[in-house]
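We use all heavy atoms of the structure for the numbers below, so side chains are in, but hydrogens, waters and symmetry mates are not.
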Amino acid sequence: MNKFSTQPLRGFSDFYPEEMRVDKWILGKIREVVEGYGYEEWNGPTLESIDIFAAKSSEELVTEQAFIVEKVKGEKLILRPELTPSLARMVAAKIKELELPLRWYVFPNCFRYERPQRGRRREFIQVNVDILSHDGLYADLEIFNIIVDIMKSFGVTGKQFQIRWNNRRFLDELLLMVAKVPEGLKNQVYKMIDKRDKMEPAEYEKWVRDTLRDDAAADRVLQIGSFHDINVLPFDNLPHEFFEYPGVKEVQQLTEMIKKAGLKPYCTFSPEIVRGLDYYTGTVYEVFDTGTENRRALFGGGRYDNLIDLFSDVQLPGTGFGLGIYVLELFLTTYNKIPPEVKLPDRSHGVYIAPLDASCLLLAIKVAQLLRAQGKQALVGYDCRKLGRQIETASKRGFPYVIIIGKKEVDAQSVTLKNLQNGEQQTVPIAEMGKILVSKT
RNA sequence: GCCCCCAUUGUCUAGUGGUUAGGAUAGAGGGCUGUGGUCCCUUUGAUGCGGGUUCGAUUCCCGCUGGGGGCCCCA
């Protein structure tokens, strides 16, 4: 008879204990950092109405890349592809009682019907960290600080990653007032700038010139991405009041703040960073591997001015980032930053109890319970294999101690405690077992 | 949705149009009937699925499934 395939669905993963330990380790590090900044964990439902995604996001997201659940005909539910609409909904519902600024994080599993490739699955865990408040630049700076602290907690340095940041307001001013790009072509030019780094320079130049049909404007658009300092711009026609533009001032101020906060080794101002989302309005950023192994952005985010406008007339700006932990894992693996012991079960407080035959099992179980009551981890070798094998197993699995229980121990109501590191062993009454273990581990 | 590459025991892999598909490692048992990590012996276990060519296919061809890489997209 044909058996079912043991493979998971395309783009989905099985998580065996080893993978779970790696994920938990990564999330634990991130949690430690964001909790240190006072962020609170939240969560939304896994299923949402498709409407809020259709309204907020592109047509393609909803029609092509959504996992749709249609239990009742006509009622379209979507397995969440991201959490921002849920965040907006939940914040809007309690906008009057929530205290600003709101510092929230969540580690949701999200779903997108895409072609799986390096760092991309159809179900993935995407860390979201958001701060919702009215004072913009300090919130942006805090997010940069968090990103840097997260990366540092994994032991990577500014040599291995960079936050490349830009500002949408600034980019608008640059395109419309300096490059003189017609308003109608703005979004197309955004798209081109976004693609710049992936294309051959000649091909890119041709694309820009063909699209703009204005050599002067094209010349200036082609300069975007060639400079990394707002104070040294390669344009000869800057308007007199250029440095009074709000976007330009924001970039200048944030540059200054980054320097003073000591984040300069980790941040690069990069005017070609656009991000696809329509709702970004201020500072945007993407985190990159500086090496060649991971060419895509590791993760990114940005500032949006109208998070909750679908649900409320109240205006609430915010900024935050989304980080797929599978991509981060590949990055960390590239730089050898996942310690091998992360993949092994933690037996540092473990005791392996080795009964010699079935008549010893009841005492073994009782001893295990006593140990657990003291906060130890205790495993009973129910199969009662021969002692050599049991010790071998315990040793290979990393247990520091074995407790041997045979006929002698049952008769005397004692245990034989063996230290696997140095081979020492002693037989003690059960009542004293805890004391000895506590003093040793 | 498109393009390229890939698929052999749990894992890593060798090999072949023809008779028992080989090794390493992991697992199980024993050497050692109450003492581990080394060693020795024995043993379990594989050609992803479906179709075609052929006397015969694990091998060649097609499709499917899954994986890797890229395009599109990246909310």
Send over the distance from [X] [atom1] to [N] [atom2], rounded to a whole Å.
X: Phe124(A); N: C73(B); atom1: CZ; atom2: C1'; answer: 12 Å
X: Leu420(A); N: G36(B); atom1: CG; atom2: P; answer: 11 Å
X: Met199(A); N: C71(B); atom1: CE; atom2: P; answer: 12 Å
X: Phe321(A); N: C74(B); atom1: CZ; atom2: C1'; answer: 17 Å
X: Leu417(A); N: U35(B); atom1: CG; atom2: P; answer: 17 Å
X: Asp194(A); N: C74(B); atom1: CG; atom2: P; answer: 8 Å
X: Tyr326(A); N: G68(B); atom1: OH; atom2: C1'; answer: 10 Å
X: Tyr190(A); N: C74(B); atom1: OH; atom2: P; answer: 15 Å

Identify the nucleotide, in any strand shown, that forms a Watson-Crick or G-U wobble pair with [N], with both distances under 3.5 Å; if there is none, say none.
N: C39(B); answer: G31(B)
N: U19(B); answer: none
N: G10(B); answer: U25(B)
N: U47(B); answer: none
N: C74(B); answer: none

If you measure from the [atom1] atom in [N] to the same atom in [M], how many Å do you get, rounded?
N: G27(B); M: A21(B); atom1: P; value: 26 Å
N: U11(B); M: G45(B); atom1: C1'; value: 12 Å
N: U38(B); M: G22(B); atom1: P; value: 27 Å
N: A7(B); M: C61(B); atom1: P; value: 12 Å
N: U8(B); M: G67(B); atom1: P; value: 14 Å
N: A26(B); M: G18(B); atom1: P; value: 33 Å
N: U47(B); M: U58(B); atom1: P; value: 10 Å
N: C49(B); M: U13(B); atom1: C1'; value: 23 Å

Indicate, with a heavy-atom threshold strictly under 4.0 Å, whether [X] touches base, sugar-phosphate, or nothing.
X: Gly423(A); answer: base
X: Gly388(A); answer: sugar-phosphate
X: Gly11(A); answer: sugar-phosphate
X: Gln425(A); answer: base
X: Glu409(A); answer: base

Got a salt bridge between [X] and [Y], using NZ or NE/NH1/NH2 to carboxylate O under 4.0 Å?
X: Arg168(A); Y: Asp172(A); answer: no
X: Arg122(A); Y: Glu114(A); answer: no
X: Arg103(A); Y: Glu142(A); answer: yes
X: Arg112(A); Y: Glu123(A); answer: no

Centroid-to-centroid, [X] to [Y], below 6.0 Å?
X: Phe144(A); Y: Tyr285(A); value: yes
X: Phe67(A); Y: Tyr113(A); value: yes
X: Tyr266(A); Y: Trp165(A); value: no

A correct 5'-to-3' footprint of nucleotides 1-10 of chain B, with B, S and - meaning base, sugar-phosphate only and no protein heavy atom under 4.0 Å, is BBBB------
Protein heavy-atom contacts under 4.0 Å, written 5' to 3' over nucleotides 27-33 of chain B as B (base), S (sugar-phosphate only) or - (none), form the string SSSBSS-
Between the CD1 atom in Ile78(A) and the CD1 atom in Ile50(A), the distance rounded to the nearest 0.5 Å is 5.0 Å
| said: With nearest nucleotide decided by heavy atoms, which residue, Gly119(A) or Gln421(A), maps closer to the 5′ end of RNA chain B? | reply: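 On the 5' side of the pair lies Gln421(A).
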Original post:
Can you tell me if the side-chain N/O atoms of Arg121(A) get under 4.0 Å from OP1 or OP2 in G68(B)?
Top reply: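 The answer is yes; a side-chain N or O of Arg121(A) sits under 4.0 Å from OP1 or OP2.
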>> Check this one for me: any side-chain N or O of Arg118(A) less than 4.0 Å away from OP1 or OP2 of G68(B)?
In response: no
Once you measure the plane-to-plane angle for Tyr39(A) and Tyr37(A), does it fall in the parallel (<30°), tilted (30-60°) or perpendicular (>60°) bin? perpendicular
- Should the pair Phe399(A) and Tyr352(A) be assigned to parallel (<30°), tilted (30 to 60°) or perpendicular (>60°) ring geometry? perpendicular
Picking from [options], which would you name as closest to the side chain of [X]?
X: Ser395(A); options: C72(B), G37(B), G34(B); result: G37(B)
X: Arg120(A); options: C73(B), G66(B), G68(B); result: C73(B)
X: Gln117(A); options: G66(B), C72(B), C74(B); result: C72(B)
X: Pro116(A); options: C74(B), G67(B), U35(B); result: G67(B)

- Message: Quick one about Arg120(A) and Tyr326(A) (side-chain donor to acceptor, distance below 3.5 Å, no hydrogens or angles considered), yes or no?
- Response: no
**Message:** Hydrogens and angles aside, do Gln315(A) and Asp309(A) bring a side-chain donor and acceptor to less than 3.5 Å of each other?
**Reply:** no
